Amino acid sequence: MRWWEARPTAVRDREFALVFTVLSFTSPLSRIGPQFADLPVHGASVASVLLTFGQTLPLAVRTRWPAACLAVVGTSFAVHQCLGCPPTFGSLGLYIALYSVGAHQERLRRAVPLAAMGGYMVFGVALHKLGSPGDLIDYLLIYMVLAVVWGLGVLIRRQRGQEAARRHLSAQVAIAAERSRMARELHDVVTHHVTAMVVQAGAAQYLTASPDRLNDALDAINGTGRRALAELRFLLGVLEATGDAEPQERTPMPGRVADLVEQTRAGGQPVQLVEDGEQPAMAIGARLAAYRIVQESLTNAVKYAAGHQTLVRLAHTPGWTEVEVTTAGTADDTPESAVLRNGGPHVSGGRGLVGLRERVEMLGGEFAAGSRPEGGFRVHARIPAGGAS
């Protein structure tokens, strides 16, 4: 059925109308059909054939113009019954046209059923005048059957509208989640790299008397800037993507924690890395979360505890990876880096630790951050290796 649903609606309607017309003239179906009047039946004629076409061919536009389709099919059906034409399978087109009005009519949704009801009343009076033996109860029962067919179409239309609204809402939620994720990524990239560059540039002004050390500092700034530009280019590419890529292809590939530690150490912050166990095969989302935790923690160490010893510890097990970053000094007992004093503490915009907690909890992990009793600051996370990518 998928190949049929994949075809344009107009093409499907035309093909359906053609097949329905052929069946209306094919034995043994040609003589099977509803008959309301119970009037004397005459033999087949040109008029009966034309009226049969009038009940089948208009179904080709039943989705595009359902009201017009019902008008032509209903009129042809009424004349067919009043003239006493032989029963035909094509008369079932009335039910299909009624269903189509309920399911596809967009404008004048109340006016069209009222007009159809008026037409049915005229049809009933005409049959009575022509001598039909049916009484009022018979016509009411027939009307109820027709109303049920129309109501079924209305029900399907409502269900279709609810499904479309649900898909729209799901798309909006997905867009909001993607924007939030990209905002976290931009925060992590910009805050870390810009903070490192500011610290390195601030320290470089004191090294003018030592050309060799000054060159090393400028090289460090250059390398940090290049890494920042590379990550920003990737994120901008994701923002410009059409959405055809798989989710894991839209996720930035995390770097190596060792490179991150070395970069921070080159900026003048004493950092030590300890890694226990062998890193399991981690989902991209889990690897990125671990990398961002270390990145954000080192950024905060540079901002608030410049020059204090920082320890990064990674502990791997087959199912989990634990990340712990401890800094010996915090803003409570150590002033922040001098080059960040003017507005530096406000760089994060409140997204840092809160964003990390949300990221880890979305992966099914645990996150904790706070001051240590003996002084300093500690960030700890336990991330499942199979965290969603």
Side-chain angles (χ1 to χ4, degrees), residues 1 3-105 112-113 115-117 119-124 126-127 130-134 138-139 141-154 156-157:
M1 291 296 294
W3 67 270
W4 173 257
E5 295 176 355
R7 299 172 68 80
T9 302
V11 174
R12 285 186 293 170
D13 287 346
R14 288 196 295 268
E15 293 175 349
F16 175 80
L18 178 61
V19 172
F20 191 72
T21 301
V22 172
L23 292 178
S24 299
F25 292 95
T26 303
S27 298
L29 295 178
S30 59
R31 293 289 181 176
I32 300 175
Q35 198 166 9
F36 294 177
D38 201 19
L39 294 173
V41 178
H42 304 292
S45 63
V46 175
S48 65
V49 172
L50 293 177
L51 290 172
T52 300
F53 282 134
Q55 297 174 74
T56 59
L57 294 180
L59 298 178
V61 295
R62 68 183 188 89
T63 300
R64 187 176 182 182
W65 297 308
C69 173
L70 177 61
V72 176
V73 172
T75 302
S76 300
F77 178 86
V79 176
H80 186 275
Q81 295 288 311
C82 291
L83 294 181
C85 296
T88 173
F89 185 74
S91 295
L92 293 176
L94 176 65
Y95 299 100
I96 301 173
L98 275 171
Y99 169 85
S100 300
V101 167
H104 303 292
Q105 185 67 28
V112 172
M117 183 174 64
Y120 179 76
M121 294 176 62
V122 173
F123 173 54
L127 291 180
L130 291 172
S132 174
D138 294 331
Y139 291 122
L141 289 176
I142 295 173
Y143 175 78
M144 292 178 62
V145 172
L146 297 177
V148 169
V149 174
W150 170 79
L152 180 61
V154 173
I156 296 299
R157 176 173 56 82

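Positions are given from 1, in the same order as the sequence printed here. On a predicted model such as this, the values are computed, not experimentally measured, just so you know.
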- request: With sequence neighbours excluded, tell me which residues meet side chain to side chain contact (heavy atoms under 4.5 Å, CB included) with Ile32.
  value: Leu29
Per-pair distances, 0.1 Å, donor-acceptor, side chain in residues 95-105, under 3.5 Å, sequence neighbours excluded:
from: Ser100; atom 1: OG; to: Arg62; atom 2: NH1; distance (Å): 2.9
from: Ser100; atom 1: OG; to: Ile96; atom 2: O; distance (Å): 2.8
from: Gln105; atom 1: OE1; to: Ala67; atom 2: N; distance (Å): 3.3
from: Gln105; atom 1: NE2; to: Arg107; atom 2: O; distance (Å): 2.5

message: Centroid separation under 6.0 Å, is that true for the rings of Tyr139 and Phe123?
response: no
- prompt: Can Leu130 and Cys82 be said to form a side chain to side chain contact (heavy atoms under 4.5 Å, CB included), step by step?
  reply: CA-CA 7 Å; Leu130 291 172; Cys82 291; 3.6 Å; yes
- request: Would you please name every residue forming a side chain to side chain donor-acceptor pair (under 3.5 Å) with Thr63, sequence neighbours left out?
  value: Asp13
field: Pairs involving residues 49-58, ordered by first then second residue, that meet salt bridge (Lys or Arg N to Asp or Glu O under 4.0 Å) (sequence neighbours left out)
entry: none
statement: With sequence neighbours left out, the residues meeting side chain to side chain donor-acceptor pair (under 3.5 Å) with Thr9 are Arg12
- line: Between the OH atom in Tyr120 and the CD1 atom in Ile142, the distance rounded to the nearest 0.5 Å is 4.5 Å
task: Kindly indicate, with the supporting measurements, whether the criterion side chain to side chain contact (heavy atoms under 4.5 Å, CB included) is fulfilled by Arg14 and Val11.
output: CA-CA 5 Å; Arg14 288 196 295 268; Val11 174; 3.5 Å; yes
Which side-chain N or O atoms in residues 54-61 pair as donor and acceptor under 3.5 Å with protein atoms at least two apart or in another chain?
from: Gln55; atom 1: OE1; to: Ser91; atom 2: OG; distance (Å): 3.1
from: Gln55; atom 1: NE2; to: Leu51; atom 2: O; distance (Å): 3.2
from: Thr56; atom 1: OG1; to: Thr21; atom 2: OG1; distance (Å): 2.9
from: Thr56; atom 1: OG1; to: Thr52; atom 2: O; distance (Å): 3.2
from: Thr56; atom 1: OG1; to: Phe53; atom 2: O; distance (Å): 3.4

task: Walk me through it: do Val149 and Leu94 pass the test side chain to side chain contact (heavy atoms under 4.5 Å, CB included)?
output: CA-CA 10 Å; Val149 174; Leu94 176 65; over 6 Å; no
- request: List in chain and number order the residues that pass side chain to side chain contact (heavy atoms under 4.5 Å, CB included) with Met121, two or more places apart in sequence or in another chain; answer none if no residue qualifies.
  value: none
Pairing residues for Val148 by the side chain to side chain contact (heavy atoms under 4.5 Å, CB included) criterion, not counting sequence neighbours: none
query: Just by modelled atom types, is the Val49 backbone N or O under 3.5 Å from a matching donor or acceptor in the His80 side chain?
result: no
